[in-house]
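Encoded as structure tokens, the structure appears first; notes follow it.
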Amino acid sequence: MKAYSVEFRKRIVIAHLVEKMSIRKVATKFAVSKSLVQKLVKQQQKEGDLQPKRTGKPQFSHLTNAEPEIKALVADHPDATLEELCELFAIKTGNWVSPSAMCRCLQKLGLNRKKKLGTVAKQQQKEFKI
């Protein structure tokens, strides 16, 4: 569901605080729930604004401020897999992260995960083509 506009939120809060209407009357007047009116009044009093909050749960990651460490790990171990990078990061910082979190971090940093074939593998491919 889309969030209510800031102007609509202001009208709800003004009706309760300035016009001294009860929460129930404000809720029926604007066809919203009582809990929404209470939430908006509380948000206005605490934060001073009525901007809608982001939906969902905030995600925490140990990789948030670890860009220099990740770049150094990838530079030192260019052919490491995601799992190996996770293990190296855990050894270096003491914080374990999942391969999917490591992948998102590498994508955000623009670091390529594609591995190069070893010279032995290239030679075997050339021999196969003959």
Side-chain angles (χ1 to χ4, degrees):
M1 187 172 158
K2 198 170 181 182
Y4 292 119
S5 69
V6 177
E7 191 59 39
F8 182 68
R9 291 165 173 254
K10 284 181 184 177
R11 290 191 325 194
I12 292 173
V13 172
I14 288 172
H16 176 67
L17 295 178
V18 177
E19 297 174 13
K20 303 292 184 194
M21 291 176 67
S22 71
I23 289 178
R24 287 182 184 197
K25 286 183 182 178
V26 173
T28 55
K29 178 182 177 181
F30 291 102
V32 296
S33 66
K34 294 183 301 181
S35 62
L36 175 70
V37 177
Q38 292 170 335
K39 183 188 87 148
L40 292 176
V41 170
K42 185 177 179 181
Q43 181 179 349
Q44 175 64 35
Q45 291 171 343
K46 275 190 169 184
E47 300 173 14
D49 71 339
L50 294 170
Q51 293 294 327
K53 303 287 185 204
R54 290 189 62 186
T55 57
K57 199 166 133 182
Q59 292 185 347
F60 171 78
S61 175
H62 293 291
L63 298 171
T64 305
N65 297 320
E67 285 87 9
E69 290 90 356
I70 299 299
K71 288 180 180 179
L73 281 176
V74 173
D76 293 343
H77 308 281
D79 289 335
T81 63
L82 283 174
E83 288 80 11
E84 291 169 345
L85 285 174
C86 292
E87 289 176 16
L88 293 168
F89 183 77
I91 291 168
K92 188 172 185 176
T93 63
N95 298 318
W96 185 88
V97 294
S98 68
S100 59
M102 182 64 73
C103 181
R104 284 191 302 269
C105 181
L106 292 175
Q107 288 173 345
K108 190 188 316 180
L109 294 174
L111 298 174
N112 192 358
R113 294 185 312 118
K114 191 163 189 170
K115 307 301 171 220
K116 297 177 184 173
L117 292 175
T119 55
V120 175
K122 285 183 183 179
Q123 288 174 352
Q124 288 176 351
Q125 283 181 347
K126 287 179 184 177
E127 291 173 7
F128 243 21
K129 289 182 182 179
I130 298 175

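Values in this document were obtained by computation on a predicted structure and should not be read as measured data.
For the atom pair NE2 of His77 and CG of Leu85, the computed distance is 8.0 Å after rounding to the nearest 0.5 Å. Rounding to the nearest 0.5 Å gives a distance of 13.5 Å between NZ of Lys2 and OG1 of Thr55. Atom CG in Leu111 sits 11.0 Å away from atom SG in Cys103 (nearest 0.5 Å). Between the CD atom of Gln44 and the CG atom of Leu50 there is a distance of 4.5 Å, given to the nearest 0.5 Å. Glu69 CD to Asn95 CG: the interatomic distance, rounded to the nearest 0.5 Å, is 10.0 Å. In this structure, CD on Glu83 lies 5.0 Å from OG1 on Thr81, to the nearest 0.5 angstrom.
Using a cut-off of 4.0 Å between Lys/Arg side-chain N and Asp/Glu carboxylate O, Lys92 and Glu87 are scored as not salt-bridged.
A pairwise comparison of heavy atoms in Ala66 and Phe89 identifies CB-CE1, 3.9 Å as the closest pair. When all heavy atoms of Leu63 and Ala101 are compared, the pair lying nearest together is CD1-O, 3.4 Å.
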Side-chain donor/acceptor pairs under 3.5 Å, residues 11-24, sequence neighbours excluded:
unit_1	atom_1	unit_2	atom_2	d
His16	ND1	Met21	O	2.9
Ser22	OG	Lys25	N	3.2

**OP:** Please report the C-alpha distance between Arg9 and Gln43 in whole Å, then the side-chain angles of each, then the deciding distance to 0.1 Å, and finally whether the side chain to side chain contact (heavy atoms under 4.5 Å, CB included) criterion is met.
**Re:** CA-CA 11 Å; Arg9 291 165 173 254; Gln43 181 179 349; 4.0 Å; yes
**OP:** Give the intermediate values and the outcome of side chain to side chain contact (heavy atoms under 4.5 Å, CB included) for residues Leu106 and Leu82.
**Re:** CA-CA 10 Å; Leu106 292 175; Leu82 283 174; 3.8 Å; yes
**OP:** Go through the steps to decide whether Met102 and Glu84 satisfy the test side chain to side chain contact (heavy atoms under 4.5 Å, CB included), and finish with yes or no.
**Re:** CA-CA 10 Å; Met102 182 64 73; Glu84 291 169 345; over 6 Å; no
**OP:** Check the pair His62, Thr93 against side chain to side chain contact (heavy atoms under 4.5 Å, CB included), reporting the backbone distance first and the verdict last.
**Re:** CA-CA 9 Å; His62 293 291; Thr93 63; over 6 Å; no
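Applying the ring-ring contact (aromatic ring centres under 6.0 Å, His included) test to Phe8 and every residue at least two apart in sequence or in another chain returns Tyr4, Phe30.
Side-chain contact check for Pro52 versus Val6: some heavy-atom pair is nearer than 4.5 Å.
Connection of Leu109 to Val74 is established within a shared hydrophobic cluster, with ILVMFWY side chains joined at heavy-atom distances below 4.5 Å, either directly or through further cluster members.
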